[in-house]
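As structure tokens, the structure follows; a few thoughts come after it.
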Amino acid sequence: QIQLVESGGGLVQAGGSLRLSCTASERSFSTYTMSWFRQAPGKEREFVAAITWSGMDTKVAGSVKGRFTISADSAKNTVLLKMNSLTPEDTAVYYCAATSGITLSVQPESYKFWGQGTQVTVSS
């Protein structure tokens, strides 16, 4: 059972930056897709970004493209989400997710393992 632990959330003013980190307890699969999703109050869980462990393949949601960057440090079993130019609309609980294979799926149901989430709040 893989455990995912997120960190790096917090309160930031609009226009500011945060970096989220997700560390996996192990890497059981030779290939992984690691992703970030977010969920705002009263809304469905939304895809943010995905990356393969090799870092060669990434996908970023249109709503954050140009502002958010996903990267991976496979040696540390860690995935990072660098978020710039944050707006109040980015306020949500951000979840790390993992699944075997190179899927880069945007569907939450594609992911078998989930972290507990970290709160990101952007004030106006």
Side-chain angles (χ1 to χ4, degrees):
Q1 184 75 9
I2 299 171
Q3 293 184 336
L4 304 175
V5 179
E6 304 103 331
S7 62
L11 174 64
V12 64
Q13 289 188 331
S17 299
L18 282 175
R19 189 181 76 168
L20 304 183
S21 176
C22 173
T23 300
S25 59
E26 60 181 275
R27 194 171 73 180
S28 301
F29 312 118
S30 59
T31 57
Y32 264 60
T33 293
M34 300 286 292
S35 295
W36 289 95
F37 288 79
R38 66 186 181 184
Q39 190 166 19
K43 295 187 177 181
E44 293 187 351
R45 194 162 295 192
E46 174 190 24
F47 171 79
V48 176
I51 190 168
T52 57
W53 267 127
S54 67
M56 297 294 290
D57 298 292
T58 62
K59 181 182 291 184
V60 180
S63 60
V64 303
K65 189 169 290 185
R67 300 188 299 122
F68 290 14
T69 302
I70 188 169
S71 61
D73 185 341
S74 58
K76 297 181 179 179
N77 289 356
T78 297
V79 172
L80 302 175
L81 185 68
K82 182 66 188 304
M83 307 184 294
N84 295 325
S85 302
L86 286 161
T87 73
E89 288 68 38
D90 295 315
T91 295
V93 177
Y94 283 71
Y95 296 92
C96 178
T99 192
S100 60
I102 303 174
T103 69
L104 297 176
S105 174
V106 303
Q107 302 299 326
E109 52 268 28
S110 298
Y111 293 84
K112 183 177 181 179
F113 304 103
W114 290 85
Q116 292 187 326
T118 184
Q119 177 71 46
V120 171
T121 303
V122 184
S123 63
S124 58

Subject >> Close side-chain approach of Trp114 to Arg45, heavy-atom, < 4.5 Å >> reply: yes

Original post:
Between Thr78 and Thr23, is any side-chain donor less than 3.5 angstrom from a side-chain acceptor?
Top reply: yes

**OP:** Could you name each residue pair satisfying disulfide (SG to SG under 2.5 Å) that touches residues 37-76, not counting sequence neighbours?
**Re:** none

Subject >> Straight-line distance of Thr99 OG1 to Glu109 CD, nearest 0.5 Å >> reply: 11.5 Å

Please table the atom pairs, donor to acceptor, closer than 3.5 Å between any side-chain atom in residues 6-16 and protein atoms at least two apart or in another chain.
from : atom 1 : to     : atom 2 : distance (Å)
Glu6 : OE1    : Gln116 : N      : 3.1
Glu6 : OE1    : Gly117 : N      : 2.9
Glu6 : OE2    : Cys96  : N      : 2.8
Glu6 : OE2    : Gly117 : N      : 3.2

Original post:
Does Val106 belong to the same Ile/Leu/Val/Met/Phe/Trp/Tyr cluster as Phe113, with side-chain heavy atoms less than 4.5 Å apart forming each link?
Top reply: no

Subject >> Any side-chain donor near an acceptor of the partner, Ser105 and Gln107, under 3.5 Å >> reply: no

Original post:
Would a 4.5 Å heavy-atom cut-off, applied to side chains only, mark Thr69 and Leu81 as touching?
Top reply: no

**OP:** List the steps and the verdict of side-chain hydrogen bond (donor to acceptor under 3.5 Å, both in side chains) for Ser35 and Tyr111.
**Re:** CA-CA 9 Å; Ser35 295; Tyr111 293 84; 2.6 Å; yes

Subject >> Minimum-distance pair of heavy atoms, taken over all atoms of Gly101 and Thr33 >> reply: O-OG1, 2.8 Å

**OP:** State, with a plain yes or no, whether a side-chain heavy atom of Leu18 is found less than 4.5 Å away from one of Leu86.
**Re:** yes

**OP:** Can you run down the ring-ring contact (aromatic ring centres under 6.0 Å, His included) pairs that involve residues 60-110, sequence neighbours left out, and say none if there aren't any?
**Re:** none

Subject >> Residue pairs passing the disulfide (SG to SG under 2.5 Å) test where at least one lies in residues 48-81, sequence neighbours excluded >> reply: none

Subject >> From CE (Met83) to CD1 (Ile70), nearest 0.5 Å >> reply: 11.5 Å

**OP:** Give the minimum heavy-atom separation between Val64 and Val48, together with the two atoms involved.
**Re:** CG2-O, 3.8 Å

Subject >> Aromatic contact, Trp36 with Phe47 (centres under 6.0 Å) >> reply: no

Subject >> Atom of Cys22, atom of Leu4 and distance for their closest heavy-atom approach >> reply: SG-CB, 4.0 Å

Subject >> Which atom of Glu46 lies closest to which atom of Ser63, heavy atoms considered >> reply: OE2-OG, 3.7 Å

Subject >> side-chain contact (heavy atoms from CB on, under 4.5 Å) assessment of Asp57 paired with Ile51 >> reply: CA-CA 6 Å; Asp57 298 292; Ile51 190 168; over 6 Å; no

Subject >> Tyr32 reachable from Phe37 in the ILVMFWY side-chain graph, under 4.5 Å edges >> reply: no

**OP:** Please report the C-alpha distance between Val120 and Thr91 in whole Å, then the side-chain angles of each, then the deciding distance to 0.1 Å, and finally whether the side-chain contact (heavy atoms from CB on, under 4.5 Å) criterion is met.
**Re:** CA-CA 5 Å; Val120 171; Thr91 295; 5.9 Å; no

Original post:
Between Ile102 and Thr52, which heavy-atom pair has the shortest distance, and what is it?
Top reply: CG2-CG2, 3.3 Å

**OP:** Supply the atom-to-atom distance Lys59 NZ to Leu104 CG, rounded to the nearest 0.5 angstrom.
**Re:** 5.5 Å

**OP:** Would you check if Ser17 and Asn84 make a side-chain contact, meaning some heavy-atom pair closer than 4.5 Å?
**Re:** yes

**OP:** Only pairs at least two apart or in different chains count here, so list each disulfide (SG to SG under 2.5 Å) that has a residue in residues 34-93.
**Re:** none

Original post:
Heavy-atom distance under 4.5 Å between the side chains of Lys82 and Leu80, does that happen here?
Top reply: no

Original post:
Which residues pass the salt bridge (charged side-chain N to carboxylate O under 4.0 Å, His left out) test with Arg67, sequence neighbours left out?
Top reply: Asp90

